[in-house]
Amino acid sequence: MHSPDLNSTAPWKQRFRAQRILWAQLAAAQPQRGLVCTNRLGIHQLYAWNLATNELTQLTEHPAGKSQGSIAADGRFVYYLDDQQGNEIGHHVRVPFAGGEPQDITPTLPPYASASFSENQAGTRLGLIAADTSGFQVYLINQLEQDQLDRPILLWRSPALCGRLTFSHDGEIVVVATTERSGTRAFSLIAWNTTSGDRMAEWYENDTSIRPVCFSPRPGDQRLLVMSDRSGFNRPWLWDLSTGEQTALPLGQVQGELSVWDWSAAGDRLLLCELHQACYRLYTYDLSAQQLQPLQHPSGTLSSGQFLGDEEILLTVSNAAKPSHLIAFNPVTNETQSLLAVGTAPSCAPWRSVSFPSSDGVEIQAWLALPDAADAPVPTIVHAHGGPSSVTTETFAASAQVWLDHGFAWMSVNYRGSTTFGGEFERSIWGRLGELEVEDLVAARSWLVEQHIAQADAILLTGGSYGGYLTLQTLGKYPDLWAGGMAEVAIADWFLMYEDQAETLRGAQRSLFGGTPQEKPEVHRAASPITYAAQVKAPILVIQGRNDTRCPARQMQAYEAKLKELGKAIEVHWFEAGHLMGNNEQSIEHQELKLRFADRVLQRQSK
């Protein structure tokens, strides 16, 4: 292990500061206008993108950054949730494409968390899901003449978790995803007539999760694209609301999870993204010919994609060596053109995919990267991603490369609960959180030691959000295996978590556990790191946001107090922001804390 390089121009800091484009979105009916999220000034903010001039206009200046938003179909407005210091509770606002003061579109409502916002392509209706202590409310807002907005109209209220909502082209139909029927993480769909407020139809299947994607872009076409995991993997279906017919698209050769990224303006093609075993592949699908065409696109992580005219596709791409950037890709010639150039970054070590059996024989995939010219075995970082319904893919990750610069091996584990490995793999943790995932992290450690990669007494755990939770849970359940742990914006007590978090997350917690902490106390207790506080042996560093409504402060304060009462070594660094961090300098500060922590822990162990 090298001593931490804290010089202001150190290569690892340059990687954190490298300019990158997080995602891009084009206006459906005005594709010369787009919306981009980029950190070009050091913090992720939203920018209006004029494709004709390639100019960006900054629209947000939030101190904690703004990484989520959408552009109107006609490109005239940009919408986002305006919150306080990243707490993800506030009001949806809109700002003109040319910039200006944000306008509150729900001024009569109390502050809310929001799981979804949508607009119909004709631009006549807006819809949003607002969540508060009473549950989830679906509101509709009519757009009037001269850019005026009507007051929000409550369409439906439910105590159950609600996900995405989407409108038909004319706005006469809205479809909402809800877990009301399943009581788990499995969604069903309800369709309403927005004029009368009457329910039109419902699509529910036992043990199947169904989510809406988008309606046909053609006026009068009432076909809705949905994703169903009936087969064990997400697959696209068409639901015709005019007839009730439900049709699976014939896509026999595709293996992994599928997402529909775009429906062409002419309504004849789909852009599909396959994510299988944590690797991406793009296809176009001809709806008339029912023909699937694989594309020879650049490799790496693809974070967004959209048809760009008749010939090209707009893609946001990154890999282990290059930050996320924007390209125009021609699937006929396989030519690519860089758009909105980003900065360069110091060279990075490559990742490779590895696999190993967990304690019960289930095969687990992970990404592994090794430091240059190091004599194995070496100190090692075992990383757990957030989610849990997420996955680590090959991408530019400054937070991974910094460890390699300092002589560590690095592994990110796609534990059970991760997506892209099938429905059974993802659902296996439901109702029993913090069990199988922990076993998978322990299996990763065993494999690293057996392969003579990791130094057995110098392995540290790390992760953020759900990955931070797994860091704390694993340190408590298997205390003798780890030299230390570093958890960011983490969960330590599911009981206090439920009391303090935003209602959107309460709904998610109920669906993951199959009930509230009062209804399922033993399951919540077994899943809480604070339950295992007395067993913890390794030093712990926690980095937590004071304004976080996903992993609130009080539950971490209770964990810190409990460990200190027991004489355990724990450091908690508090920062003034919420759960989503998009500030380059803040990320560097947090990484310095982790480097110093690892240095102290391992030097202490070597004496």
Side-chain angles (χ1 to χ4, degrees), residues 8-27 31-71 75 77-83 85-86 93 95-102 298 300-306 308 314-329 336-348 395-399 401-402 575 577-578 580-591:
S8 62
T9 60
W12 70 266
K13 292 185 178 181
Q14 294 177 42
R15 294 194 197 97
F16 276 101
R17 294 183 178 120
Q19 185 179 330
R20 54 194 175 274
I21 293 172
L22 199 61
W23 51 262
Q25 179 191 0
L26 302 180
Q32 286 301 302
R33 291 187 172 190
L35 179 64
V36 169
C37 181
T38 175
N39 68 334
R40 64 182 337 205
L41 296 180
I43 302 176
H44 281 119
Q45 303 287 2
L46 301 181
Y47 291 77
W49 177 25
N50 186 322
L51 274 73
T53 63
N54 221 29
E55 294 178 347
L56 294 179
T57 301
Q58 186 172 348
L59 301 179
T60 61
E61 295 184 14
H62 280 241
K66 184 59 61 180
S67 59
Q68 296 177 342
S70 61
I71 188 168
F77 292 99
V78 165
Y79 297 89
Y80 62 90
L81 183 69
D82 192 18
D83 61 1
Q85 294 184 299
V93 300
V95 61
F97 183 81
E101 290 299 314
T301 290
L302 309 177
S303 52
S304 65
Q306 201 168 346
L308 183 61
L314 182 71
L315 293 177
T316 313
V317 186
S318 71
N319 53 47
K322 188 171 183 179
S324 181
H325 57 287
L326 205 57
I327 64 169
F329 168 66
T336 62
Q337 177 187 355
S338 294
L339 305 173
L340 297 175
V342 298
T344 58
S347 62
C348 300
T395 188
F396 181 84
S399 58
Q401 294 291 337
V402 62
F575 62 96
L580 302 176
M581 293 175 285
N583 185 316
N584 294 351
E585 298 308 312
Q586 185 181 72
S587 297
I588 289 171
E589 176 191 356
H590 293 173
Q591 188 61 59

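- Counting heavy atoms from C-beta on, the side chains of H44 and T38 never come closer than 4.5 Å.
- Atom CD of residue E589 and atom CZ of residue F16 lie 12.0 Å apart, to the nearest 0.5 angstrom.
- Rounding to the nearest 0.5 Å gives a distance of 9.0 Å between CG of L326 and OG of S303.
- Between the side chain of W12 and the main chain of I588, no donor-acceptor pair closer than 3.5 Å is present.
- In this structure, S70 and Q25 approach most closely via the heavy-atom pair CA-OE1, 3.4 Å.
- Between T60 and Q45, the closest heavy-atom pair is OG1-OE1, 2.7 Å.
- Aromatic ring orientation, Y79 versus F77: tilted (interplanar angle from 30° to 60°).
- A donor-acceptor contact shorter than 3.5 Å is absent between the side chain of R17 and the backbone of A345.
- Atoms CG and CG, on L51 and L339 in that order, are 7.5 Å from each other to the nearest 0.5 Å.
- The cationic atom of R20 (NZ for Lys, CZ for Arg) does not lie both less than 6.0 Å from the six-membered ring centre of F396 and within 45° of the ring axis.
- Across every non-hydrogen atom of N54 and W49, the tightest pair is OD1-NE1, 3.1 Å.
- Remark: L22 CG to L46 CG distance equals 10.0 Å, nearest 0.5 Å.
- The two residues L308 and A328 make their nearest non-hydrogen contact at CD2-CB, 4.0 Å.
- Across all their heavy atoms, A24 and L314 have their closest contact at CB-CD2, 4.2 Å.
- Between K66 and E61 no salt bridge is recorded (no basic side-chain N to carboxylate O distance below 4.0 Å).
- Looking only at distances, a side-chain donor or acceptor of S324 sits under 3.5 Å from a matching main-chain atom of I21.
- The shortest distance between side-chain heavy atoms of Q19 and P323 does not fall below 4.5 Å.
- Note that SG of C348 and NZ of K322 are 12.0 Å apart. Values are rounded to the nearest 0.5 Å.
- How far CD of Q586 is from CZ of F575: 5.5 Å, rounded to the nearest 0.5 Å.
- Between H62 and Y80, the two ring planes are perpendicular [angle over 60°; tilted spans 30° to 60°].
- The two residues G69 and L35 come nearest to each other via the heavy atoms C-CD2, 3.8 Å.
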